[in-house]
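Okay, structure first, notes after.
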Amino acid sequence: MFTFLLKRLVQATIVMLVISLVAFAVKDNLGDPLRELTGQSVSEAERQKMRTEMGLNDPFVVQYKRFLINAVQGDFGTSYTFNRPALEVILDRLVATLELVFAATLIIIGLSIPLGVYCAINPKHGFSKLVMAISSIGISIPVFLTAILLMYVFSIELGWLPAYGRGETANWLGWESGFFTLDGLAHLILPAFALASIMLPLFIRLVRSEMIEQLSSEYVKFAYAKGLPQRRVWYLHALKNTLLPVLTVGGVQIGTMVAYTILTEKVFQWPGTGFLFLDSIQRTDTPVITAYVIVVGLIFVITNTIVDLLYGLINPTVNLTAKG
Amino acid sequence: MTTNIAASPSRWQKIKQSDFIYYFSRDKVAMLSFAVFLTCLIVAFTAPWIAPHDPYALESIDIMDSELPPVMLSEDGDDRFFLGTDNQGRDILSTIMYGMRVSLTIGILAVGLQLFLGIVIGLCAGYFGGKIDSFLMRIADVQLSFSTMMVAIIVSAIFQGAMGSEMYSQYAILMLVLIIGIAEWPQYARTIRASVLAEKKKEYVEASLVMGLKAPRIMFRHILPNCLSPILVISTVQIANAIMSEAALSFLGLGMPVTQPSLGSLISIGFEYIFSGSWWITVFPGIVLVSLILVINLLGDWLRDFFNPKVYQD
């Protein structure tokens, strides 16, 4: 276990170093920090002097080292537009993004497991066929289109739900979130469903095929032979083993959802990190872009590592030491 | 009349009698999907000749025609514009045809690039094994652990920032092919590596080794043709994914410019006008995009079942 953990950590560090290299390349190539600081009137000689003072003429390795040391301390520079530390700006918005991802995850878990299990138990039923057909079509609809359609139908035509923004937020134990107000929840419904719609078909299919596989396995037949009631076999024996692969795939996909929030946030003007990122690109706000790349990279690396660890803990047949 | 059938069937007859065509002609979903896909391809690539208007010809566009609803659904419609017009007065039907051409071109070229990278990397990893294998596959693992969409968005954003929007939109097709191609090669590399590993153990590979053939010849002439069926299966799914990625990037304003819209950028244009009630600018390109992706996915499903009959089919 310990060696596995260590190996994973080393790997995660290497990945983060690669990401930091990418982020540094962004910082190096996008925009000119001098232009942001000085006006037109500064002479070329003075510019050069400033460049040397700021260390912009240093060799690549020295600059990268400085960038790394600052990054580890959480210093990515000051955002040009917000005039605050870039990391602070990102972390402020991260709550909104995570809120969205969390709500979407709840929807996915709440819908995919019952639907998938139902389709596996009653494969010939008309409802199962309908669910499978819808999920086939659902996989082919891009998330931004789902988002636009949801918004058009429920907020423009029917006027039931607000079209954009995050609504009112309330503070609860120092956590500023829309979960605690009715208005916030109303704003959350459409974006969360739109975001969930990408993963939902995939999860229903996954749960269904895993469950079908489990139902035809030896131990299920044995449980029937023992005379256990059908429900007990389904929900206690088979379902437990179905959820294992769902957990690993699911964990990785939830990391992926952070990426898809960019699209959902753009449609619903959700004030999260994805929206901020798109804005920053338009304004060439390099420190924010850099910080975003690093933060999102970190989220991916952390979720992947945790999922791997969890999988090893839950499924004792996986030999962690060999797998690392 | 038909005396030579038994002796030596012509190539056409061989194809006609193959299992592939037999099963294909018995599967209605596959036939229909293929028909729709073929229609899309033909319409897209003959757009300049069959489209009622030329959306790229600025002189033929009249801003007075903008945001006209479709003919069938409203009296305000204009007979010249069957599906209505967009915010600049371009005919939606024609822009969809041209947009589909852009989307399909990018999708197919990007998959071509993925295929090239995937084949070279997957073959090398599978054939040589050892350090090369673990190094290449680690890279693929790491890249796969990030969502391809994320990689594509960040890379295109960076390119656009570094090149400037004007320059970027000039080379948009090329850039999108590069970005989507590079973002998704690991899928191919993995699949090809897996089938190479299975093929490598077979006797014909040993035989060609004994004959003294060079590694590249064995790899590309002997092993590769035997790995074609999984490649074909994932290629269809990858084309659908590439079209979807392109649409997403264009929707975010990181893809095709408004002057040369793809299906994604059309939806993006329409989205800005959806609050004023002009839903048709978004909905029609959306329907076309979804049907295009859907039929490609259905064809991919069918191919997978065909090559892998052991898989439970419902």
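Chain letters run A, B, ... following the sequence lines, proteins first, then strands; residues in each count from 1. Worth knowing before you read on, the calculation uses all heavy atoms, side chains too, and leaves out hydrogens, waters and symmetry mates.
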Residue part contacting chain B, namely of A/Ile299, when any heavy atom lies under 4.5 Å: neither

From CG (B/Leu298) to OG (A/Ser136), nearest 0.5 Å: 6.5 Å

Region of B/Ala247 that comes under 4.5 Å of a non-hydrogen atom in chain A: both

Qualifying residues under side-chain contact (heavy atoms from CB on, under 4.5 Å), relative to A/Leu130, sequence neighbours excluded: A/Ile134

Portion of A/Ile139 that has a non-hydrogen atom of chain B nearer than 4.5 angstrom: both

Separation of B/Thr282 OG1 from A/Tyr152 OH (nearest 0.5 Å): 9.0 Å

Validation row: B/Val290, A/Pro142 side chains within 4.5 angstrom (heavy atoms): yes

Within-4.5 Å side-chain heavy-atom neighbours: B/Phe271 and A/Met151: yes

Neighbour count above 12 (heavy atom, 6.0 Å) for B/Phe34 CZ: no

Distance (rounded to the nearest 0.5 Å) between B/Ser291 OG and A/Ile137 CD1: 10.0 Å

Summary of side chain to side chain donor-acceptor pair (under 3.5 Å) pairs that have at least one residue in residues 30-39 of chain B, sequence neighbours excluded: none

Chi angles and distances behind the side chain to side chain contact (heavy atoms under 4.5 Å, CB included) call for A/Phe277, B/Ile154: CA-CA 9 Å; A/Phe277 177 65; B/Ile154 291 184; 4.1 Å; yes

Under 4.5 Å from a heavy atom of chain A, the part of B/Asn241 involved: neither

Nearest-0.5 Å distance, CD1 of residue B/Ile293 to OG of residue A/Ser140: 6.5 Å

Heavy-atom pair count under 4.5 Å with chain A, highest-scoring of B/Leu252, B/Leu254, B/Leu289: B/Leu252

Heavy-atom contact with chain B under 4.5 Å, split by part of A/Ile141: both

Test log, rule side chain to side chain contact (heavy atoms under 4.5 Å, CB included), inputs B/Phe251 and A/Ile148: CA-CA 11 Å; B/Phe251 177 74; A/Ile148 294 175; 3.8 Å; yes

Region of A/Val267 in contact with chain B, defined by heavy-atom distances below 4.5 Å: both

